[in-house]
Amino acid sequence: MKWTQLIAGAAVGFASAYILQKRKSSISSSEALTIVKSAFKQNGAIDGSWIETTTKVIQKHGLSFYGYTGGIIKTRDAKQEHYEFFIDKKSGSIIELTLNAPV
């Protein structure tokens, strides 16, 4: 095997690994919903949940976050609580969480 073939093979391997890592570095909307639901399930059962599959952008403290919006419905003390969230698609962190007033 020649050195040029070895170097070319290593370069292709590194490039492929880099592309695969960049492609996997963001989570899907269903993975995002699973993360949020597991966080909420620590404090009791969930009655319902939803998530938008399109990516949104929000600005917080001068930073831009790309992610998904969704909602969780829980019952606490015989009253339904409706939460809306924004989850970052790169890190899986919940960036924003609001409790909406009951209708």
Side-chain angles (χ1 to χ4, degrees):
M1 178 182 284
K2 295 182 181 179
W3 283 102
T4 54
Q5 291 175 333
L6 179 64
I7 292 172
V12 169
F14 283 120
S16 299
Y18 177 77
I19 290 169
L20 287 173
Q21 182 179 358
K22 287 299 261 184
R23 194 176 289 167
K24 187 60 180 160
S25 66
S26 63
I27 60 174
S28 69
S29 59
S30 62
E31 290 171 321
L33 185 58
T34 301
I35 290 168
V36 175
K37 286 171 69 174
S38 67
F40 269 85
K41 283 181 182 177
Q42 293 177 4
N43 295 322
I46 295 172
D47 297 327
S49 62
W50 60 272
I51 193 160
E52 292 185 12
T53 58
T54 56
T55 302
K56 307 274 187 196
V57 181
I58 64 167
Q59 301 285 327
K60 284 284 190 182
H61 309 292
L63 300 172
S64 296
F65 295 96
Y66 297 84
Y68 307 104
T69 57
I72 297 284
I73 301 169
K74 291 183 67 118
T75 301
R76 185 177 303 190
D77 299 327
K79 294 182 183 176
Q80 275 195 344
E81 297 177 337
H82 296 255
Y83 294 89
E84 288 190 18
F85 63 85
F86 181 87
I87 185 167
D88 183 50
K89 73 184 278 181
K90 292 283 185 188
S91 66
S93 300
I94 300 171
I95 304 297
E96 188 172 69
L97 181 67
T98 56
L99 173 62
N100 294 329
V103 178

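These values consider heavy atoms only, across backbone and side chains, with no hydrogens, waters or symmetry-generated copies.
Residues Thr75 and Gln80 bring no donor and acceptor atom of their side chains to less than 3.5 Å of each other.
Rounded to the nearest 0.5 angstrom, Ile27 CD1 and Ser91 OG are separated by 7.5 Å.
Residues Ile72 and Lys37 form a side-chain contact, since some pair of their non-hydrogen atoms from C-beta on lies under 4.5 Å apart. Side-chain contact check for Phe85 versus Ile51: some heavy-atom pair is nearer than 4.5 Å. Looking only at side-chain heavy atoms (C-beta outward), Tyr68 and Lys89 come within less than 4.5 Å of each other.
Applying the salt bridge (charged side-chain N to carboxylate O under 4.0 Å, His left out) test to Lys56 and every residue at least two apart in sequence or in another chain returns Glu52. For the ring-ring contact (aromatic ring centres under 6.0 Å, His included) test, residues two or more places apart in sequence or in another chain that qualify with Phe40 are Tyr83. For Phe86, the ring-ring contact (aromatic ring centres under 6.0 Å, His included) criterion is met by no residue, not counting sequence neighbours.
Of the candidates Ile87, Thr53, Thr34, Ser29 forms a side chain to side chain contact (heavy atoms under 4.5 Å, CB included) with just one, namely Thr53.
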**Request:** Run the numbers on Ile46 and Lys41 for side-chain contact (heavy atoms from CB on, under 4.5 Å), then give the verdict.
**Result:** CA-CA 7 Å; Ile46 295 172; Lys41 283 181 182 177; 3.7 Å; yes
**Message:** The test is side-chain contact (heavy atoms from CB on, under 4.5 Å); show your working for Val36 and Ser49 and say whether it passes.
**Reply:** CA-CA 9 Å; Val36 175; Ser49 62; over 6 Å; no
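Cluster membership check: Ile35 shares its hydrophobic cluster with Leu97, using side-chain heavy-atom separations under 4.5 Å among Ile, Leu, Val, Met, Phe, Trp and Tyr. Hydrophobic clustering keeps Phe65 apart from Val57 (ILVMFWY residues linked when any side-chain heavy atoms are closer than 4.5 Å, directly or through intermediates). Residues Ile94 and Leu99 share a single hydrophobic cluster, defined by chaining ILVMFWY side chains whose heavy atoms lie under 4.5 Å apart.
Counting all heavy atoms, side chain and backbone alike, Ser64 lies closest to Gln59 at OG-NE2, 2.6 Å.
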